[in-house]
Every structure is written in C-alpha cells, then in structure tokens.
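As a basis for the values below, the full set of heavy atoms in this structure was taken, side chains included, without hydrogen atoms, waters or symmetry mates. Both ligands and their constituent atoms are indexed starting at 1 by order of listing.
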Amino acid sequence: MKVIKFGGSSLASANQLEKVLNIVKSDPDRRFVVVSAPGKRSADDTKVTDALIKYYRDYVAGNDVTKRQDWIINRYAAMVEELGLRPAILEKISKSIKKLATLPIEENDFLYDTFLAAGENNNAKLIAAYFSQNGVEARYVHPREAGIVVTSEPGNARILPSSYDKIEELADGDEVLVIPGFFGVTKDDQICTFSRGGSDVTGSIIAAGVKADLYENFTDVNGIFAAHPGVIHKPHSIPELTYREMRELAYAGFSVLHDEALIPAYRGKIPLVIKNTNNPDHPGTKIILKHTTHAFPVVGIAADSGFVSINMSKYLMNREVGFGRKLLEVLEELNISWEHMPTGIDDLSIVLRQRELTPIKEQEILRQLTQKLEVDTADIEHDLSIIMIVGENMKSHVGVTATAAKALSDNNINIQMLSQGSSEVSIMFVIKSEQEKEALKALYAAFFEKKEN
Ligand code: ASP
C-alpha cells in the first residue's frame, strides 16, 4: 500500500494531471492520493493558494471580490474543460469558492484557513472526478471524514495523536482515495491549516495512519540534489538519505520537503521517496531509517547565510563554574534562540540567526557580557554563513574534515569556526557569507567530482 502526494506544480494544468493519472494507474498499490492546490503553470503565474490570500484580503476589507473569485474559478474551469470533465464538478467548485465570501468575518479565527484550504479541497474534488471518468475507481475524502483532527492553531496546526486510529480505517476498501492536503479539522470542526507547504505533512500523516509501505512525494525535480543547483551546475540527486541526514540538510536550507513532514513518517517507520512527476522513471531520493547500501561518507552539502556570531573571551574561563549558565540566561531573558556554541579554552562563541537580533538587543548583550559576566573582550560578527557537510557514514571514515579543510584552504577560504556533534552526522563550518558560493563549489568538487574520499 502506498500513499502518493502530488505538489502544486504537478497539478497546475490538464497536461500535468494526465501525467498524474498515468502515475497512479501504473501501480495498483497507489491507493491514497494526497493533493496540493494547483500551483504555477509558468514562472510568472500565481499559485491558487496565493490567489485565495488576495481574495481573503479583499473580502475582509469589504472590497468587490468578483474578479478574485472569477480568476480562481477559471483556473479550475480550464482544467475541467481540457480534461473533458462533466460540468457538474465545475458547478460544485464554483459554489464552494463563492461561498467563502458569505462566511462571518467577526470573531472567526479560522476564516483565513478556510479560504486557503479551498485550494486543495476543490482540487481533490476535481481530481477524484477526473480519475473516476478515466478508469480509476476513485473517491474524494474530506480530511474530516479521513479523521485528520488537528490542534486549534490557525495557520500552524499539528495533528492530534488520537487521529491515527480513525485514519487507519481508511486502509479497508479498494478504491483510490483522493484526499486534499494542507489542512485538517479541529475538535470543534473548524478548518485549520498546517503551515505553508503543508500538503507534505498530510501525506506523511496518512502514510503513518494507514501504515503504508511507502510514502511517495511527487514534485518537479529528480529527488534531492547533493548541493544547491543554483550554485553547482547540475548537481547529482542523492539516491538514498537517512531521516537524520535529511533533517541536517533541511536545517541548512534544503527545502524540497516541508520540515514537519518527516516526523509522522519517521515515527511510523515508513520509508519516503521524493520523485519527479515529469520524469517518473527516475528513482528519485529515498529517505529511510538506515542506509542499506555502502553510501558515501558524505551525502550532501548545504549552505545557509544570515548568521551572526557573538564572540567573547575571558582569562581562565575554563575554570569558572556557572559561566555558561549566566551567558545563556542573558540570551533567554532577551528571548533569543541560539544555534551553536563552539568553544576554546578561554573563549566561546554563540552562533545564531541574524533575525533573532536587533541593534538594541546587540547592545544589551555586549553590555551584559562586559558588566555581568566580566569578559575581557566581546564582539558581534555579522554576515556569516554555515556550511554543513552531511553523511551518517562519515563516522566510520577518516579524513572527511581533512578533505573539507584542504578544499577550503586551497581556495583561500578562512574557516572561522568548526563544529561537529558527537553523533557525527555532520560537520559544520562557519565562514564569511561573501565566500559561501566559492566554498560550496570547492567542497562539491572535493567530495563528488574528484572522489577523493
Ligand atoms: N497550497 C499550500 C501552499 O501553497 C500547501 C501546499 O501546496 O503544500 O502553501
């Protein structure tokens, strides 16, 4: 039994939907189809979800919404027409889009979510109708019927663990179930969405609930690339990744999959594969609990900018009991979340995201470091990037850091800080952001092009 999720670009037009139908038809195990809202047909197009946001804004502002409604309905109408679907489905969709502009505005915490969810909800109706008309016994299932009950956190829902028993019941039967992604219902039966891009989360929840053998996530790339394709020319896609590796890469900017989508599948021990709707024969990237093959020590290299380092030194810091606690207290009182803490004997740095700080907070930190913690020197360094070299198998290989450090030094890139957690899933370097692209190129060449490791 497989759960298959299609992203917005896979569902943007009749042409794309034909590919989707063929993919579903080609494997009878593909029983649960989770769908996004129609995405962009070209780079300058608008996603239906974004059009729904504009519609919502005009509605609450009391503006005329006819044009907004028409644009959205026309997106579906074009597909209905091109696919030769019966007009009844378009009537249903049109009614549902128009009905949004009759819902109460006052004291309605879930109005925005109800607007947004309409994108996936109506697409699921359309796709179920398309499948049924083309030889696939399919049925549209609302998340309420599927049992996806979520917390009452508009725009940021989380699944309630008690939902899984009901979801499991979906496994009985032989129809193909088409389920809209991105939202669930609260205990009070309000529509509540996950955060943006959350259809991936629905797919993962359904996969865990029905105890699927595989969760297939179809997008528009051949899996997860070993490095950013905007920097590296045609990077290879990674055949196999563990959940931990995926988490490390996602942390440093790999964004193929929604962050929260890993958790339900991981807990349910369901393997996940990222595949390309436009190239379904490509094996894609499999995300599993443990490597099955002799994977390379390094699977991927990620880089992310927007980091800052708070550096301090104090003679005999190593002997001062409570220094770390006092320091972290300063950050906690200012409600600052930090990321890494590389240390020396008498010096320590806190690496954090720039967005956590304001000029006033920076001044306050420096003041407290000098006055409360009595450090000898303190400064804040901006415009830093982190580079993460990721691979679970590096723990059984010698020389990964050496290869990386050599590649960076050969290219005159100064490593400002270096840190590796005890689990040895990744090595992190902090460098100046202006050298980020160069560093990524040098490391990609060292690990994947020359195969020095
Ligand atoms: N349609 C929603 C969004 O654009 C959710 C999704 O596509 O996964 O965020």
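- Lys5 and Glu216 are not joined by a salt bridge, as no carboxylate oxygen comes within less than 4.0 angstrom of a charged side-chain nitrogen.
- To the nearest 0.5 Å, atom CD of residue Glu82 and atom OH of residue Tyr130 are 11.0 Å apart.
- Applying the ring-ring contact (aromatic ring centres under 6.0 Å, His included) rule to Phe194 yields no partners; only residues at least two apart in sequence or on another chain are considered.
- Considering only residues two or more places apart in sequence or on other chains, Leu103 meets the side chain to side chain contact (heavy atoms under 4.5 Å, CB included) condition with Leu100, Leu111, Thr114.
- A donor-acceptor contact shorter than 3.5 Å links the side chain of Glu245 to the backbone of Glu392.
- Contact residues of ligand 1 (protein heavy atom closer than 4.0 angstrom to a ligand atom; sorted by chain and number): Ser36, Lys47, Thr49, Glu120, Phe182, Arg196, Gly197, Gly198, Ser199.
- Annotation: ring-ring contact (aromatic ring centres under 6.0 Å, His included) contacts of Phe254 (sequence neighbours excluded): none.
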